[in-house]
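Below, all heavy atoms of this structure are taken into account, side chains as well, without hydrogens, waters or symmetry copies.
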Amino acid sequence: MPVKKKRKSSGVAAAVAEDGSLKKCKISSYCRSQPPARLISGEEHFSSKKCLAWFYEYAGPDEVVGPEGMEKFCEDIGVEPENIIMLVLAWKLEAESMGFFTKEEWLKGMTSLQCDCTEKLQNKFDFLRSQLNDISSFKNIYRYAFDFARDKDQRSLDIDTAKSMLALLLGRTWPLFSVFYQYLEQSKYRVMNKDQWYNVLEFSRTVHADLSNYDEDGAWPVLLDEFVEWQKVRQTS
């Protein structure tokens, strides 16, 4: 059995730019420029055998797609390696690590998409983008990301993983994200639990960038109360 990698990705961490600021996550265009995918006729049905052969183009002798195989896979389908996590989340493949796939995980994900070759997967990109950009679907993906990224023996996300995942999921769309990231950087918090994770998304969608409509008596987690207090002090200093 291959040794499972801890759920931290150098590709995800690459979303963090110099001086602590973050590069914006390109959810709407996470694919590199590439030639149009070949049109697949309706007669070309999904083939598990063909899908398995496709898997072995990238898998090592241990039947796991490791770093080199994943790099080649990303290059072939035209997705930047640091954004492969967005593709995984979009089809909700329940992989056991970020960027390392077993045969069973590959088949499960590709069967759900009915993709057994590069061209078919490329033809799904518009669908995957729509999943990421639809408010309701994104909420489900965001919630799923918590369990996807956490260590299975832990109930919470370690704060570094939480920051990296938030950068991918909210970095492009939430005006206050860079400020919230700075807050987490200097805060006492070392983990983020599921309730806090869920509420960060709700906060990002409902609270104005100037915090003018934040209800201090609302049922927000203490983490967000403290963030608002911290930011207001900064604004007045």
Task: Joint hydrophobic cluster, L132 plus F127, side-chain heavy atoms closer than 4.5 Å - done: yes

Task: Rounded distance [0.5 Å steps], CG in L107 versus OG in S112 - done: 11.0 Å

TODO: For the residue pair Y183 and W230, categorise the inter-ring angle as parallel (less than 30°), tilted (30 to 60°) or perpendicular (more than 60°).
DONE: tilted

- [ ] Run the salt-bridge test on D116 and K49 with the 4.0 Å N-O cut-off and return the result as yes or no.
- [x] no

TODO: Is it possible for you to say whether L169 and L184 belong to one hydrophobic cluster, with membership spreading through side-chain heavy-atom contacts below 4.5 Å?
DONE: yes

Open item on the list: Less than 4.5 Å apart, side chain to side chain, heavy atoms only: is that true for Y181 and L166?
Closed with: no

- [ ] Please work out which of the three classes, parallel, tilted or perpendicular, describes the rings of F180 and F227, given edges at 30° and 60°.
- [x] perpendicular

- [ ] For the residue pair D134 and S136, confirm or rule out a side-chain donor-acceptor distance under 3.5 Å.
- [x] no

Task: Rounded distance [0.5 Å steps], CG in L113 versus CG in N123 - done: 11.5 Å

Task: Verify same cluster id: Y144, F146 (apolar side-chain graph, 4.5 Å) - done: yes

Open item on the list: Using only atom types and a distance under 3.5 Å, with no angle test, would you say the side chain of Q114 pairs donor to acceptor with the backbone of T111?
Closed with: yes

TODO: Compare every heavy atom of P221 with every heavy atom of D195, then report the nearest pair and how far apart it is.
DONE: OD2-CG, 3.8 Å

Task: Min side-chain heavy-atom separation E226-S187 under 4.5 Å - done: no

Task: Set of residues satisfying ring pair (Phe, Tyr, Trp, His ring centres under 6.0 Å) with respect to F55, sequence neighbours excluded - done: W106

Open item on the list: If you count heavy atoms of other groups shown closer than 6.0 angstrom to NZ of K72, is the number above 12?
Closed with: yes

- [ ] Nearest 0.5 Å please: distance from the OH atom of Y142 over to the CD atom of E202.
- [x] 10.5 Å

Open item on the list: Just by distance, no angles: are the side chains of Y189 and Q196 close enough, under 3.5 Å, to form a donor-acceptor pair?
Closed with: no

Task: Polar side-chain atom of R150 near backbone of Q154 as donor-acceptor pair, under 3.5 Å - done: yes

Open item on the list: To the closest 0.5 Å, what do you measure between OH (Y56) and SG (C51)?
Closed with: 11.0 Å

- [ ] Can you label the angle between the W54 ring and the Y58 ring as parallel, tilted or perpendicular, going by 30° and 60°?
- [x] perpendicular

TODO: Decide whether V222 and L211 are clustered together by the hydrophobic rule: side chain heavy atoms of Ile, Leu, Val, Met, Phe, Trp, Tyr closer than 4.5 Å, transitively.
DONE: yes

Open item on the list: For the backbone of D153 and the side chain of D151, can you confirm whether one donor and one acceptor N or O come within less than 3.5 Å of each other?
Closed with: no

TODO: Would you please test K139 and R205 for side chain to side chain contact (heavy atoms under 4.5 Å, CB included) and show each step?
DONE: CA-CA 11 Å; K139 182 177 181 179; R205 288 180 167 180; 4.0 Å; yes

- [ ] Look at atom CD of E57 and say whether more than 12 heavy atoms of other residues, nucleotides or ligands are closer to it than 6.0 Å.
- [x] yes

- [ ] Report yes or no: does N213 contribute a side-chain atom to a donor-acceptor pair with the main-chain N or O of T206 at less than 3.5 Å?
- [x] yes

- [ ] Taking all heavy atoms of A162 and all of W197, pick out the closest pair and write down the distance.
- [x] O-CZ3, 3.9 Å

TODO: Please lay out, stage by stage, how E216 and K232 fare under the test salt bridge (Lys or Arg N to Asp or Glu O under 4.0 Å).
DONE: CA-CA 12 Å; E216 295 180 356; K232 286 183 175 179; 3.7 Å; yes

Open item on the list: I'd like to check I77 versus F125 (side-chain heavy atoms, cut-off strictly below 4.5 Å). Are they in contact?
Closed with: yes

- [ ] Using the rule that two of Ile, Leu, Val, Met, Phe, Trp, Tyr join whenever any of their side-chain heavy atoms come within less than 4.5 Å, decide whether V191 and Y198 are in one cluster.
- [x] no

Task: Derivation and outcome, side chain to side chain contact (heavy atoms under 4.5 Å, CB included), residues M192 and T161 - done: CA-CA 9 Å; M192 184 177 291; T161 300; over 6 Å; no

Open item on the list: Other residues, nucleotides and ligands only: do more than 12 of their heavy atoms fall within 6.0 Å of CD on Q235?
Closed with: yes

Task: Straight-line distance of Q122 CD to D76 CG, nearest 0.5 Å - done: 8.5 Å

- [ ] Begin from the C-alpha positions of C115 and K124 and carry the test side chain to side chain contact (heavy atoms under 4.5 Å, CB included) through to its verdict.
- [x] CA-CA 9 Å; C115 293; K124 287 286 186 176; 3.6 Å; yes

Task: Atom pair CD1 (I135) and CG (N140), whose distance is rounded to the nearest 0.5 Å - done: 12.5 Å

Open item on the list: Under the criterion side chain to side chain contact (heavy atoms under 4.5 Å, CB included), I'd like the reasoning laid out for L224 against Y214: C-alpha separation, chi angles, the key distance, then a yes or no.
Closed with: CA-CA 10 Å; L224 290 172; Y214 184 77; 4.3 Å; yes

